[in-house]
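In what follows, chains are A, B, ... by sequence order, proteins preceding strands, each numbered from 1. Since the model is a prediction, treat every value here as computed from it, not as a measurement.
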Number of protein chains: 2
Amino acid sequence: MTATMRIGEVARAAGTTVRTIRYYEEIGLLTAAGDRVSGSHRLYTETDVDRVKELLRLKDLLGVSLDELRELIAAEEARTLLREEFRSDRTSSRRRAAILREALANVQRQQALVERRRAQLDELDAELQERNALILTRLDELGVTPVR
Amino acid sequence: MTATMRIGEVARAAGTTVRTIRYYEEIGLLTAAGDRVSGSHRLYTETDVDRVKELLRLKDLLGVSLDELRELIAAEEARTLLREEFRSDRTSSRRRAAILREALANVQRQQALVERRRAQLDELDAELQERNALILTRLDELGVTPVR
DNA sequence: TCGTAATCTGACGTGAACGTAAGAAAGAGC
DNA sequence: GCTCTTTCTTACGTTCACGTCAGATTACGA
């Protein structure tokens, strides 16, 4: 189907290690494309690379554990369905709508977390600004010209 | 001097555990106020509570390790000096300026990290918005009225 | 002074997220 | 078919950031 790649290439493309990819599969965060008999090489697509990148990003930016991440992405399975099932002509409108709703809820959960994080960051930023200003004032009082 | 408190109260006030406070001292992130002979109770001030809160926040929001946090806060010692030495009348203007400059550099390092994080968050947010919009469009194409 | 709660030190335990090593097997290129 | 790199499975090791336990000590309040 799509240009198929092996685990090493995926790791390099996603900026991580082979072990991490396998580990994510172990804990159910990832599944190699296509059925695979134990022992044979795992095969992936570009989409998988994107997924790995996204997992790493969410983990880092939102500071969630891989367990929480699994919950957060639970409905992401729907995203896979969206590619495999959604495109099929024999998928009903009703079914498609359900898939889309799942995907929507999924995205919205992530957005909520992003919003919370952003609010916290803003607060921190405001306090840092304040401290910065205070220090500049004190320097000024000393008759010193601050750097910038 | 200031209203003095013990480790349990500090932990409660900062929303963490006694063990964490001791651990932070172990790795040099924190120092109990005043000289202390081994075995006697650690004593803290309100300022220490703020410091612990800040440490927890930076760790969480910026996603840095405690080691990195120590580097990041290195010059924070200057902040303590700022309270003890800065207020002394026998501290020269030149010395005060130096202390302030240290504090300034310190704050600015933190601000830089906050900025980077914010930029990353913004990027993530933009992509989520896009996905959200795409899903809504598809739902619309199906003639379904999305929730909200 | 005495009882009791909180804290002390020291040490070992734990969960998450991988790292690493060994030996076998797979698969791409010639 | 053969070589050589890459991947496979299994399993134990490691680091970080604390948790937990034991026994001794401290200090506050009656």
Any Thr17(B) side-chain N or O less than 4.0 Å from OP1/OP2 of dG19(D)
yes

Do Gln111(B) and Asp125(A) have a side chain donor and acceptor closer than 3.5 Å?
no

Salt-bridge criterion met for Glu123(A) and Arg116(A) (N-O under 4.0 Å)
no

I need the OH-P distance between Tyr23(A) and dT14(D), as an integer number of Å.
18 Å

What pair of heavy atoms forms the shortest contact from Gly8(A) to Val18(A), and how long is it?
CA-CG2, 3.9 Å

note: Glu26(B), atom CD; dG19(D), atom P; distance rounded to Å ~ 12 Å

Give a yes or no on this: more than 12 heavy atoms of other residues, nucleotides or ligands lie within 6.0 Å of atom CZ of Arg57(A).
yes

Correct closest heavy-atom pair for Arg70(B) and Asp67(B) would be NH2-OD1, 2.9 Å

Find the distance Tyr24(A):OH to dG19(C):C1' and express it as a whole number of Å.
14 Å

Between Leu66(B) (CG) and dA17(D) (P), how many Å, whole number?
4 Å

Rounded to the Å, how far apart are Ile21(B) CD1 and dA17(D) P?
16 Å

Is the shortest side-chain N to carboxylate O distance from Arg6(A) to Glu9(A) below 4.0 Å?
no

Tell me the interatomic distance from Arg70(A), atom CZ, to dA16(C), atom C1', rounded to whole angstroms.
12 Å

Atom-to-atom span, CD of Glu25(A) to P of dT7(D) - whole angstrom:
14 Å

Produce a footprint string for nucleotides 2-12 of chain C: one letter per nucleotide, 5' end first; B if the base is under 4.0 Å from any protein heavy atom, S if only the sugar-phosphate is, - if neither.
-----SBB---

NA contact type, Ile27(B), heavy-atom cut-off 4.0 Å: base, sugar-phosphate, or nothing?
nothing

Separation of dC18(C) C1' from Leu55(A) CG (nearest whole Å)
15 Å

